[in-house]
Amino acid sequence: MKVIIVGAGLGGLACAIACRRENLRVIVLERSAEAREVGAGIQIPPNGARVLEQLGALPKLIEAGAIVQHVDFRRYDDGRILSSMPFGDGVIEEFGVPWIIIHREDFYRVLLDEATHLGAEVRQNAEVVDVDFEGPEVVLSSGERIAGDVIVGADGLYSRVRDLVLGTPTSPEETGDLAYRATFRKEQLEAIDDPHVTELCQKMAITSWLGPDKHSIFYPVRGGKEFNLVLLRPDNLEKGIRRVQGDVEEMRESYVGWDQTLEKLISCIPSVTKWKLATLPELQTWTVGPVALLGDACHPTLPYQAQGAAMAVEDGFAIGKLLGLTQKNFLESHAGDDPSMSTREAAKNTVPAVLEIYERIRKARTTRGVRAAMMNRKVFHIPDGIIQRIRDFIVSYAGVTRRSDWTWLFSWRMRQVLYHDLAGNCERAFEAYRRSLDQE
Ligand SMILES: Cc1cc2nc3c(=O)[nH]c(=O)nc-3n(C[C@H](O)[C@H](O)[C@H](O)COP(=O)(O)OP(=O)(O)OC[C@H]3O[C@@H](n4cnc5c(N)ncnc54)[C@H](O)[C@@H]3O)c2cc1C
């Protein structure tokens with residue numbers, strides 16, 4: 001079977017690795033000329049790390065990134081620690097894998113190297129403009145047509161494949177929030193010569209300041225040689241604008257009155273990008289015939305639960321696993337039983353049903369993920385007042401692991417997100433499908 005993946009983002013590359021591990025032929029078509037992610041950090045929570053472990057990429061990701069030891073929530077105005085949750089060994093004990101922080105470029109490079117090493121063909125400068133669902137084949141902007149058995153639209157928030165799957169143009173909805181994203185080098189922070197900044201930089205920790213209408217996240221990447229700061233605030237960009245070079249003065253003014261340590265961090269950002277945060281209403285369908293969507297193309301989320309890429313990677317894994325099972329159980333034997341039937345014809349008969357299984361097992365989980373991130377916005381951005389104080393009090397007792405959580409509810413909720421037997425889910429759903437065919 002040949003799988004065409006549109007988009008070499010984190011989801012598309014994870015899908016390429018998963019498909020190659022199942023011995024499927026893979027071609028990844030990427031619009032941009034250069035192979036790289038934006039220069040910023042990203043968290044890989046345990047559900048993402050588990051899938052990446054099964055794909056064989058976890059050791060390299062840990063080497064390129066770092067294991068989070070603490071997550072600290074602070075009050076926005078005085079910087080008081082509301083909660084310092086131990087992550088490190090506790091997370092590994094509870095979920096079997098660590099919570100990782102990594103530079104996006106390094107995450108991307110590990111996945112790209114792994115995909116190409118396993119034999120996936122990755123083509124840059126290859127923009128897909130159309131899909132022929134019958135072929136199936138994709139049409140590039142150059143006019144070239146590429147045929148396969150399955151097409152995966154991993155082309156992100158402003159997906160072209162999604163429009164073709166739904167048969168109508170879709171535009172993401174603005175959430176009302178935007179993100180300033182910046183990275184800086186350790187020397188820049190050392191130059192501030194402030195004991196609080198130095199203390200912060202020595203920790204392998206994620207620090208989050210929670211304030212009315214805004215919050216911010218800071219953590220080290222590249223072994224503490226660089227640092228990532230994301231500032232989230234109400235959107236003041238014009239409608240339709242996706243990303244611009246931000247105004248540093250405006251950014252600084254937005255955080256006047258916040259913890260002085262954060263203000264000092266912000267003061268050494270020389271330039272910043274400003275990203276509009278958009279999502280989509282829940283899609284009716286992610287698959288039509290042999291074409292399926294994954295990641296931000298079908299369930300973009302506010303980045304308030306650090307789950308967007310993790311969910312995209314999970315999607316990619318599920319597609320690879322299910323298609324691998326299809327190849328083993330149907331295509332090899334079908335084409336073998338009936339010599340008149342080519343693998344391509346056998347694939348045409350089975351792939352649409354298998355992609356529907358993919359959609360079914362992924363949709364409920366990703367929808368919960370997207371909603372939870374929306375809910376986190378409400379919780380993180382509570383205005384000053386009694387409700388905010390109650391939130392602070394609850395946060396001070398919350399932990400991600402059962403052992404560290406005094407509220408019980410928080411770790412229970414996080415366990416639904418962070419501990420997920422995706423491979424088992426795929427195998428069980430596929431087996432049920434196979435048995436249903438036997439009974440027909
Ligand atoms: C501020 C911020 C912080 C975040 N933090 C985290 C975090 O800590 N943890 C986490 O898990 N997630 C996080 N996310 C979310 C995460 O970045 C995304 O969910 C994830 O990168 C989506 O991956 P994707 O592969 O689906 O799409 P993308 O990364 O958007 O990749 C799509 C690819 O398709 C290509 N493409 C587009 N159209 C075409 C075409 N027509 N033909 C060919 N190629 C095409 C694009 O060039 C791109 O390379 C964050 C997001 C933001 C904005």
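These numbers were taken from a predicted model, which means no experiment stands behind them. FYI, the numbering just counts along the sequence from 1. In listed order, ligands and their atoms are each counted from 1.
Nearest non-hydrogen protein atom to atom 40 (C) of ligand 1 is Val128 N, 3.8 Å. What sits closest to atom 53 (C) of ligand 1 on the protein, heavy atoms only, is Leu277 CD2, 3.8 Å. Atom 34 (O) of ligand 1 has Gly7 CA, 3.2 Å as its closest protein atom, hydrogens excluded (heavy atom only). Scanning all protein heavy atoms for the shortest distance to atom 1 (C) of ligand 1 gives Arg181 NE, 3.4 Å. Looking only at protein heavy atoms, the nearest one to atom 39 (C) of ligand 1 is Asp155 CB, 3.7 Å. Scanning the protein heavy atoms around atom 10 (C) of ligand 1, the nearest turns out to be Ala309 N, 3.4 Å. With respect to atom 35 (C) of ligand 1, the closest heavy atom belonging to the protein is Glu30 OE1, 3.3 Å. Summary of contacts: the protein heavy atom closest to atom 43 (C) of ligand 1 is Arg31 N, 3.3 Å.
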Note to self: Test salt bridge (Lys or Arg N to Asp or Glu O under 4.0 Å) on Arg371 and Glu282; report intermediate values, then the result.
What the structure shows: CA-CA 10 Å; Arg371 287 187 190 153; Glu282 210 175 301; 3.0 Å; yes
Checklist line | Step-by-step salt bridge (Lys or Arg N to Asp or Glu O under 4.0 Å) determination, Glu249 to Arg252 | finding: CA-CA 5 Å; Glu249 266 319 303; Arg252 287 180 190 151; 3.5 Å; yes
Next item on the list: For Trp209 and Lys214, run side chain to side chain contact (heavy atoms under 4.5 Å, CB included): C-alpha distance rounded to whole Å, both residues' side-chain angles, the deciding distance at 0.1 Å, then the answer.
Entry: CA-CA 9 Å; Trp209 289 262; Lys214 300 175 198 147; over 6 Å; no
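Residues that satisfy the ring-ring contact (aromatic ring centres under 6.0 Å, His included) test with Phe95, not counting sequence neighbours, are absent from this structure.
The pair Arg415-Asp405 fails the salt-bridge criterion, with no side-chain N (NZ, NE, NH1 or NH2) lying under 4.0 Å from an Asp/Glu carboxylate O.
Remark: distances from the non-hydrogen atoms of Met311 to ligand 1 are all 4.0 Å or more. Using 4.0 Å as the threshold, Ala126 has a heavy atom nearer than that to some atom of ligand 1.
Side chains of His196 and Asp259: no donor on one and acceptor on the other come within 3.5 Å. Using a 3.5 Å distance cut-off with no hydrogens or angles, the side chains of Asn425 and Lys321 do not pair a donor with an acceptor. Between the side chains of Arg368 and Gln307, no donor N or O sits under 3.5 Å from an acceptor N or O. Remark: the Ser32 side chain and the Glu30 side chain contain an N/O donor-acceptor pair separated by less than 3.5 Å.
For ligand 1, the polar-atom distance check finds no N/O of Glu127 at less than 3.5 Å from any of the ligand's N/O atoms. Polar contact check, Gln43 against ligand 1: a nitrogen or oxygen pair lies under 3.5 Å apart. At a 3.5 angstrom cut-off on N or O pairs, Tyr219 does not count as close to ligand 1.
Geometrically, Arg50 engages Tyr419 in a cation-pi contact, judged by NZ or CZ lying under 6.0 Å from the ring centre and within 45° of the ring axis.
Relative ring orientation between Trp412 and Trp408 is described as parallel, the plane-to-plane angle staying below 30° on a 0-90° scale split at 30° and 60°.
Per-residue contacts place Gln307 under 4.0 angstrom from the following atoms of ligand 1 (heavy atoms of the residue considered): 10 (C), 11 (O). Those atoms of ligand 1 with a heavy atom of Leu29 less than 4.0 angstrom away are 43 (C), 44 (N). For ligand 1, the atoms sitting less than 4.0 Å from at least one non-hydrogen atom of Val6 are 42 (N), 43 (C), numbered in the order shown with element in parentheses. Residue Ala154 approaches ligand 1 through these ligand atoms, each under 4.0 Å from one of its heavy atoms: 32 (C), 33 (C), 34 (O). Those atoms of ligand 1 with a heavy atom of Gly295 less than 4.0 angstrom away are 26 (O). Short contacts between ligand 1 and Pro303, defined as distances under 4.0 Å to a heavy atom of the residue, involve ligand atoms 2 (C), 3 (C), 4 (C), 50 (C), 51 (C), 52 (C). Of all atoms in ligand 1, numbered sequentially from 1 with element shown, those under 4.0 Å from a heavy atom of Ala310 are 11 (O). Close approach of ligand 1 to Arg104 is summarised as follows: ligand atoms under 4.0 Å from at least one heavy atom of the residue are 3 (C), 4 (C), 5 (N), 6 (C), 13 (C), 14 (N), 16 (C), 17 (O), 21 (O), 50 (C), 51 (C).
Taking 4.5 Å as the limit, every side-chain heavy atom of Thr175 sits out of range of all side-chain heavy atoms of Asp235.
If you run side chain to side chain donor-acceptor pair (under 3.5 Å) between Asp72 and each of Ser84, Ser208, Ser83, only Ser84 comes through.
Remark: among candidates Gly9, Gly156, Gly11, the nearest residue to atom 27 (O) of ligand 1 is Gly156, based on non-hydrogen atoms.
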